[in-house]
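Below, read A as the first sequence line, B as the second, and so on, with proteins coming before strands; counting in each chain starts at 1. As a basis for the values below, the full set of heavy atoms in this structure was taken, side chains included, without hydrogen atoms, waters or symmetry mates.
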Amino acid sequence: MTQNPILQVQDLKKYFPIKGGVFGKKTLKQVKAVDGVSFDVFEGETFGIVGESGCGKSTTGRTILRLLEPTEGKILFQGRDIAELSKNDMRKLRKDIQIIFQDPFASLNPRMKIQETIEEPLINFGVTDRNEREKRVLEVAEQVGLTKAQLSRFPHEFSGGQRQRIGIARALISKPKLIIADEPVSALDVSIQSQVLNLMRDLQKEFGLTYIFISHDLSVVKHFCDRIGVMYLGKMVEVADKNSLYDTPLHPYAEALLSALPSSHPLQKKQRIILQGDVPSPSNPPSGCTFHPRCFKCLDVCKTEQPSLQPVHEDHLVSCHLYQGAKEQIATGESR
Amino acid sequence: MIAYVIRRLLHTVLVVFAISLLIFFSIRLTGDPVTVMFSAGEPTKEAIEEVRRNLGLDQPLYVQYLIFLKGLVTFDFGESFRSHMPVMDLIMERAGATLALAIGGTIVSILIAFPVGIISAVKRGSIVDFFGRIFSLIGISFPNFWLGIMLILIFAVNLKWLPSSGFEGPQHLILPSITLGMILSGILARLVRSSMLEVMNQQYVSTAKSKGISDWAVIIKHAFRNALLPTITFLGLQFGSLLGGTVIVETIFSWPGIGRLIIDAINQRDYPVIQGGVIFLAVIMVVVNLIVDLSYSLIDPRIKTGGSGRA
Amino acid sequence: ACSSGKSEKSSAGSSEKGKEENPVKDRGNEIVIGVTAEPQNWDPIDTFLLDWSTVATSVFEGLVDRTLDLKLQPGLAESWEYLDDNTLQFKLRKGVQFHDGEPFNADAVKFTFDRLLGPEGQKGPQYANYNSIDHVEIVDEYTVNLKLKSKDPVLLTKLAGYGAVIVPPKYVQEKGDEFFNNNPVGTGPFKMTGYKRDQEIVLEKNPNYWKKGLPKLDKVTFKVIPESSTRLAELQTGKIDIMKRVEVAQSKTVKESSFLELKDVGTPTVYSMRFDTAKKPFDNKQVRQAINYAVDKDAIIKDILSGYGKSISTYQSELSFGNNPDLKPYKYDPEKAKKLLKEAGVKEGTQIDLFIPGNDATFKEIAQAVSFYLEEVGLKLNINSVDSTTLISDLIPNGKAGHMYRQGWGGWTLDFDNTAYLMYSEGQKWNPSFKDAKVAELLAAERSTVDQKEREKIFKELTEVLYDLAPELNLYQAVDLYAVNKRVQNFQPPHEDRMRLEEVSVK
Amino acid sequence: MVQKVLEIDKLKVGINDDGNKIAIVNGISFSLQKGETLGIVGESGCGKSMTSLSLMGLLPPGVEWLDGDIKTESLHFKDFKKKDWRKIRGKRIAMIFQEPMSSLNPVYTIGKQIMEMILSHENISKKQARERALEMLKLVGIPRPEQVLDEYPYQLSGGMRQRVMIAIALSCNPEILIADEPTTALDVTIQAQILELMKKLQEQLNMSIVLITHDLGVVAEMCDRVIVMYAGEIVEEAQVVELFDRPRHPYTKGLLSSLPDVNEEKEYLSSIPGVVPAPGKMPAGCRFAARCSFAHERCKNTPPLFEVNGSKVKCWLYENGDSEAVL
Amino acid sequence: MTTLQQQVQEEVAILPKKRTFLQSFWRFVKKNPAGFIGILLVLLSVSCALFSQWIAPLDPGKASLSSRLSPPSWADDTGKSVFLLGADQVGRDLLSRIIYGAKISLMVGFFGVLISMIIGTILGLISGYFGKWMDDLIMRVADIQLAFPFILFAIVIMSVLGTGIWKIILILGLTYWVGFARLIRGQVISLKEQEYIQAAKAIGGTQFRIIRKHILPNVMSSILVLGTMYIAEFILLEASLTFLGLGVDPTVPSWGGMLADSRNYVTTAWWTATFPGIAIMLTVLGFNLLGDWLRDKFDPNMKM
Ligand SMILES: Nc1ncnc2c1ncn2[C@@H]1O[C@H](COP(=O)(O)OP(=O)(O)OP(=O)(O)O)[C@@H](O)[C@H]1O
Ligand SMILES: Nc1ncnc2c1ncn2[C@@H]1O[C@H](COP(=O)(O)OP(=O)(O)OP(=O)(O)O)[C@@H](O)[C@H]1O
Ligand SMILES: [Mg+2]
Ligand SMILES: [Mg+2]
C-alpha cells in the first residue's frame, strides 16, 4: 500500500454549545462531541471508525465534510486545509468528498424522483447539459444496480437496500475521491447488508475510492476496513491495522468491545468482559482518561491525567496510561 | 430557569415597546378623537382646539409618545378621554367578567372537546369518529354572532331556560360560555384527536397495555396524559386571547369584558384606553405564553425549561 | 304620518298567536329599560351623547326645561326675562334640594356656570355651546343674572341642554370631579344609586322631588345591551320593560306580541346623502337635483322603513325651528332626472362613490335601494361601507368620503341655525366643500338677531335657496321606535332620547 | 422438562381490508417449553413482531387475528374477551420491547410504572407494591435503586431503561417473557450487560423466553431452540447448535453465510439476491423461490414443513430427509 | 449482483392492484366518508362560485322593493319571479345571491389564504432555516402581530387604503401569515436535521436550492392543510367583519354580509338569515373536513 494520505485530520474538535443566559447568547455548557481527534486516511484504503452510540462518529464524519463547522483543528484534504475554505470553495470541494448516510429512509427526499435525486450533484457542480446529465445518471444507476424504469419512481417505492443503492449512486455521480460512509448498512437486514457491502467494495476497486467507514458493528468493520480507529466519548482511543486490533486490542475499552461481540456459534462460549455502568455524557466527561470510571484496569493516574494517542507498535496507536512504558520504548527505538 | 424567565420578560419588554410604537402612531391615522367627541353640538374651530389642548393632543407627536411611554413604565396609561377615569381602573373593573367568561368558555370547550377528541381517536375511522368530528366542526362552521343569537333565541326566548344577557348570576355565564366553547372546541377536539393518535402509536402505550391494565386506564392514564401537552399549550394560548376579550360574544351577550372596552374605545378614538388596552393585552398574551411554557414541566417531567428551548 | 307618542295597536298579534302570558310577573313598582350604550361618564359638561340624556334627564335638571313636546317651560327657574340685550335674569325655584340634601340656590347656579365656562368645562365638548355667556351674577339667593358676551338667539333652548344642568357645588368640590363623574347628584326626580359601567344604572325615587306626587315609580334600572337582537330577546323574556332603539326589522315581532306595544316618535334627526360639491359632476346643481328626482324617497320610507320615517325637503326635521313646510320634497321623476343629467353632460354609466357607515344595517338597505334608482337613470353607485367613526371624524371632514356620503344630523337646539351653520358655512368641520355666497349671507343675517319672527323669515328664504341648490339628497326624518311592555303606563317616547320617567307608572 | 407452556396452532394474522384478507403471519405453528429460550429470527417485516404481539392480544389497529389458535393447557386464546387478555398480560405472559427509549411513559416515575403492573394483578397495598418494585430494581441490578424509584425515565440511560422494562415485565413472575429485539437499540457493551442479565434471571426464575431478534449472534448466545421466519412463514425450526452447524433451508444458509465473521477473512460476503416480497404480493408456492438458487419446478407449490432429524424445514429439498438435499 | 429474476419480482411487487375507477371511488368513499363529504361540499361551493352566471336562476342585483322579504315559494301562480329561497330585505332573490355569494366568500378565503400563505411561508422558511437573529426578529414581529387587535388593524388599514373586498383580503392576509410562519418554521427546524437535507448540502447544493427543492416541497402538504382550514376561518371572519361594520359593499352578494345584515329578521323573515347561514356552514364544514382529510392523508400525526 503506498502510504499517501489523502486526508489528514489533526486535533479536530467539535463542541456543541448549550445556550443559556439572559439573551440566550451565553454558552452555558458544551457538548464535546469530538474532542481532539487525529488520524490519517490513505489513498485507496478503507478507514473504519467504530465506537458506541454518541461517541462522536457521525460528528467526526460530518465535520470533515463541513456539514458542521469544526470548532478547532485541521482537516487537510490532499494537503489543503478544508477548515479554511470559504463556503463557496467548500461547496465546490464536495465534488471530491461525498457521504452516504445511515438511514436510507431519511436520506432521500421523499418528494423527488430517483432520477432527480441522483442528478442533483451534477446540477450543483455545473453540468448544464441535460443529455450529458441523463447519460451519467443512467451510467451510475447501472453501476449500482438500478434499472432505467426505476429512475422515474419515488423513494417510498423502494426497499431499504435499494434506497441505499440510490444514496450510493448519488454519492458516486460526481466522481468523488473520498466517500464517508456513515453506518451505511446498519439499518439494513443482514441479507441485504451483504449486497450493499459487496457493491461498495466493487465500486472501490473500479474507481479507486477511499472510504471512511463509520459503524458500530465490529464484525462488519473487520470485514470491510483496512485500518480502524476506535472512538470513545469524542476521542480516538486506538488506531490500528485491523488484524493488529482484532488480534491484540490494546486499549481496555477496545478489549471490552471486542469481547462483547456476540459469538458466531452457540458452542463457542467466550470470556466476556462486562463493563460496569453507562457511557457518560459528552457534556460532562469524567476527568483524566474519560474511560476510567468503567475501566477494569484503571490506574490512579487515569483518574487525573489524560493519556494521549501514541504509537505502541508500528501502525498501532493507543491512548492509554497502561502503555506508557511501551510508548517510551518505541519513542526511543523508532524515529517517526 | 430564572434566567429563562428573565429573558422571556425582556422579550416581552421589546414586544411591548414595539407595540406601543405601532399602536400609538397607527390609531392616529384613523381619525380625530375630538371630532368624535363633538359629533353633535356646535364645535367652533377654537373650541376644538381648546379641547385638543386640554387633552394634550396639541403637542408634537413625539412629545405625546414620550409621555405615553413614561406612563407605560409606571403602568399608568393615563385617563380615558371619554370617562376621565384612569385607564388602568377601567381595565381592572372588567377583569372579573373577562376572567369568568374566559374560564367558562374554556371549561365548555374542554367538556366538549376532550371526550369527542379522545373517543374519535380511540375509535378512529368508525362511525363514532365520523359523527364526533362533524359535531366538533359544527361549532366552528357558524359565524360566532350567528351562533350567539341562535342560542339566545332557542334557550332564552323560546325555551326560557336561561337568561340572554348580562353579567349577574352564574346562569348568565352559560350561553356566552357555550358560544365561546363551541368555537374553541372545534379546534381543540381536533387537536386532542391528533395528539391522541400520535401518542397511541407510542411504544409506552403498548407497554401499558402489556401490563394487563384496563383499556380506559391505558387511554386516560397513559395516552391522554401525554396527549395533554400540546392541548395545554393551545388552551393556554387561547385562554390568553380570551382574556384579551372576544368582542363579538361580549357584544351579543352584553358582557362587560375587556374586548368591548377596547372596541368602544376604538369607536370613540379614546386614545388612552386603546393604548392602555392593547398594551395590557400584549402583556397578558406574553405572560400567558410564558406561564404555558413554564407549566409544561408540571405535566411533562422531561421538559426542563432552559437552554435552547424556546418556541 | 305618525304623531309623537301615538302607539300602534297590535292588530294581528293577539288573534294569530293567542294570548302569550306576560312574562313580567312580580317586579313591583319599578321598571327596567334596555338601552344600547351608556356614556361612561355622568358629568354633564363632558358629554354630547344621547345615551347620557336618556338616563341623566331623570337625574339632572336645568334652569329651563323642555317638555316631551319640545316646548320650553320653567325648570329650576320659575321665570326669566332679558333685562337688556346682554343680561338674562332668572328667578329660581325655592325649596329644591339636591339628592345629597344640599339646597339649590343662586350659588349652585353660579357654581355650575363657573365650572362649565372655566378650565374644567373647557376640557369637555359642552363649553363651546355656552361661550356666549360671559359670567353669572348672583343678585340674591334665588335670583341670578346671566351676563352675555354676544347675542344668542337659541340660548334658552341651550339652557335646557345637557351642559347647563345644575350641579351641587359642595358635593362636587368636596368629592372631586372624578367621584362626581361616577356618582352624579342632581335635583331630578330620580337619584342614581347604582352604576356598573357598561352594565347597568340604577335610579331610585327622589322622595324630596319638588314636583308633588312624582315620580310614581320607586326604581328604574337601565341595562346596557348593545346588540339589538339581544335587547329584543330580553324584552320578550320580560327581563326588561322598555326597549330603546327597536330596529325597523324588529317592529313586526313586537307588534305580533300580545304583551308588547310598539311606540314610535319622530326625532329631530334627519338622514341625507350629502354631496361633495367640489367633486365632478356634483359641482353642477343640475346633477344634484337630478339625483333628488331619481330616488323614490316615499317608497324607501314605506317599504324599507315600514313607514317609520318622514319625508323631508331640506336637511332638517319638522321639529326644527326654520323648517319650511311649504317646500315639498323633490318628486320621484326619473324622466326628469335623466333629462337633467343629459343637460349636465353626465354620461350613462358614470360611477359615483357613496360612503356609508358599515354598522347601520337599515341604511345599507336604503343605500342599495338608492343604487337601483340611480341605475335606472344610468348612474352606477359604488357603495363603500366604512367604520362609522372613521367616516365622521376623518373621511367627511377631509373630503375623502367620495361623491356622496351618508350623514345624519340631529340639530340638538331644534333650530335650523345649528344644522345650517355647521353644514353650509365655509370652513366648518363637516362642510368639506359647499359654498355659496347667498347662503353665507343669510346665515350671517340669521345669527345677528334674536327676533324669532325675523329669523323665521330668513330661514324661509334660506331653505328655498338650499332646496334649489340641493346640496344633499334628503332622505327622511328618523322615527325612533320603542317597544314597551304593556304593564308600563304613561310612557311617552321622547323625540330626542331624553326619557321622561316621572309620570310613568306600572300596572 | 418437556412441558409445553404455550402452543401456537396455525396462527394466521393479517390485514382485513373489506374482506380482502392479506396475511402477514401465515399459519405458523410452534410450541414453547418450560424454561427454554426460543429464538425467532428473520428479516425485517417477516412478521416476528406480529407473532409476538398476537401472543399478548396486542395487535395494532388494522391488523386482525384471522385464524388459528394459541393455547395453554387450559386456555384457548382464540375465545378470549378483553377481560381475559387483561388477566394473562403481565401475569402469565410479559413483554419487553425493542425501544427502551420510548417504552416507558415519560410522565410517570419509574416506581409508579412498576407498581402499576403489580397493583393491577395482585391485591396488595401500595406500600407493599412499592417494596416489590424496589426489590425488582435491585434484582435487575440498577444502581441506587431507592432513588431511581422516584426518577423519571428521561433521567435514565437506555441500558437502565431496558433494565427497568425487564423489572416491570418480571414483577408479577410471568411464566413467559416475550422479548422483541430487546437489545437492538443498545450499544454492544450494554447489550452484553442486558443479555447476561436475562440469562441470569431466566435461571433464577425458570421462565420461558421468546426472544425475537434479527441478530444471529444474539441467537447463538442466548437460545436453546430457533425458529427462522421468512415472509410470514416458519421456514425452519431447529435446536440452536443444529441450526448453526447444519442450516438446512436455503434461506437460513444464505443468512448465515452473509454474516461477516470476525474470525474469517473474505473479500466478498455471499449474499441473497433480491428482496422479501411485500405482504399481499406474495408469490404462489414457496415464498423464497424467487431468491433461491435451488429453485425448480416443484417450488411452484407450497412446501410443507418436513421433519428432518429433529428439525423442521419448509423446503422441497427435504422431501425425503436430509440425504437428497446435500448437493 | 442483481439478478434478472429479482428485477422482475420487484416490478411485479410494485405494480398496484388494478381497480376500475368506480371500485376505487367506492373504496375511497367507504374509507373516508368525512373526506368525501368535505370534497363534495367544497366542489359544490366552488362550482357555485365559478359558474354562478349559469346556475343562478335570477339576477342577484335585481331588486324591487315590492318583493321585499317575500317568503320562499315553489309555486309560480302569478307568473312573477319565484323566489325558491325567498327574497331579501331589498327584494332580491336569495338563492341567486347565495350562489353569487360563493364567489365572494371563496375569493376572500382563497386570496386571503394565498397572501398569508406566501408571506408566512417565506418568513417561516427564513426563520426556520437561517435561525439566529433572523428567527428572533421574525418571531418577535409575529408576536407583535398577534398582540395587535385584529379589528383595530382592520380599521387602520381601511382608513389608510379605503374599503372593499380586496382590502379585506389584504387585511386577512396580513394578519394570518403568523400561523403559516410558525407552522413552517417548526417544520423547517426539524426538517433541517433530516438526513436528506444534510445530503443535499453534502452534494454541494446552494442554500437557495436546498430551500426551494428540498424544504419547500416537504412543507407543502402542511401548508395546504392549514390553508384549507384558514379558508374556512376567513369565510367566517368576513362575516364577523360585516357584523362589526367593516364588511364589503352591501350590493356585493357576500354570505357574511347577508347574514350579518339580516340578523334582525331572524324571527320575522327567517329565510333571510337562515339560508346564508346554512351556505356558510356547509362550505366551512366542507373545507374543514377537506383539511382534516388532507392532514390524515399526508400525516396522520400532524399537530397544529
Ligand atoms: N447538533 C447537535 N447539537 C448538540 N449536540 C449534538 C448535536 N449533534 C450531536 N450531538 C451530540 O454529540 C455527541 C456525538 O454525536 P454523534 O451523532 O456524532 O454520535 P455517533 O457516534 O454518530 O452516535 P450513533 O452511533 O448513535 O450515530 C452525542 O452526544 C450527541 O448528543
Ligand atoms: N399496523 C399495521 N397495519 C398494517 N400492516 C402492518 C402493521 N404493522 C405492521 N404491519 C406489516 O406487517 C408486516 C410484519 O410486521 P412485523 O412488525 O411483524 O415485522 P418484524 O418481523 O417484527 O420486523 P422488524 O424486524 O422490522 O421489527 C410488515 O410487512 C408490516 O408492514
Ligand atoms: Mg451516528
Ligand atoms: Mg419487529
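- Residues D/Leu58 and B/Ser206 share a closest heavy-atom pair of CD1-O, 3.9 Å.
- Interface check for chain B: of the options D/Ser120, D/Ser103, D/Ala94, D/Gly90, the most heavy-atom pairs under 4.5 Å are formed by D/Ser103.
- A donor-acceptor pair shorter than 3.5 Å cannot be found between the side chains of B/His222 and D/Gln113.
- Summarising the local packing, CD of D/Glu73 is surrounded by 12 or fewer heavy atoms from other residues, nucleotides or ligands at distances under 6.0 Å.
- The 12-atom threshold is not exceeded at NZ of D/Lys112, counting heavy atoms of other residues, nucleotides or ligands nearer than 6.0 Å.
- Interatomic distance, B/Ile213 CD1 to D/Arg89 CZ, rounded to the nearest 0.5 Å: 10.0 Å.
- Within the model, atoms CE of D/Met117 and OG1 of B/Thr207 stand 10.0 Å from one another, a figure rounded to the nearest 0.5 Å.
- For the pair D/His121 (side chain) and B/Lys211 (backbone), a donor-acceptor distance under 3.5 Å is present.
- Enclosure of atom CZ in B/Phe135 is not indicated, since only 12 or fewer non-hydrogen atoms of other residues, nucleotides or ligands lie within 6.0 angstrom.
- A distance of 12.0 Å separates CG in D/Asn105 from CD in B/Gln203, rounded to the nearest 0.5 Å.
- Only the side chain of D/Ile168 comes within contact range of chain B, with at least one heavy atom under 4.5 Å from a heavy atom of that chain.
- With rounding to the nearest 0.5 angstrom, the CZ atom of D/Arg86 is 14.0 Å from the OG atom of B/Ser210.
- For NZ of D/Lys78, the number of neighbouring non-hydrogen atoms (other residues, nucleotides, ligands) closer than 6.0 Å is greater than 12.
- Side chain of D/Tyr108 to main chain of B/Lys221: a donor-acceptor pair is present (N/O by atom type, distance under 3.5 Å, no hydrogens or angles).
- For residues 125-147 of chain D, heavy-atom neighbours of chain B at less than 4.5 Å comprise no residues at all.
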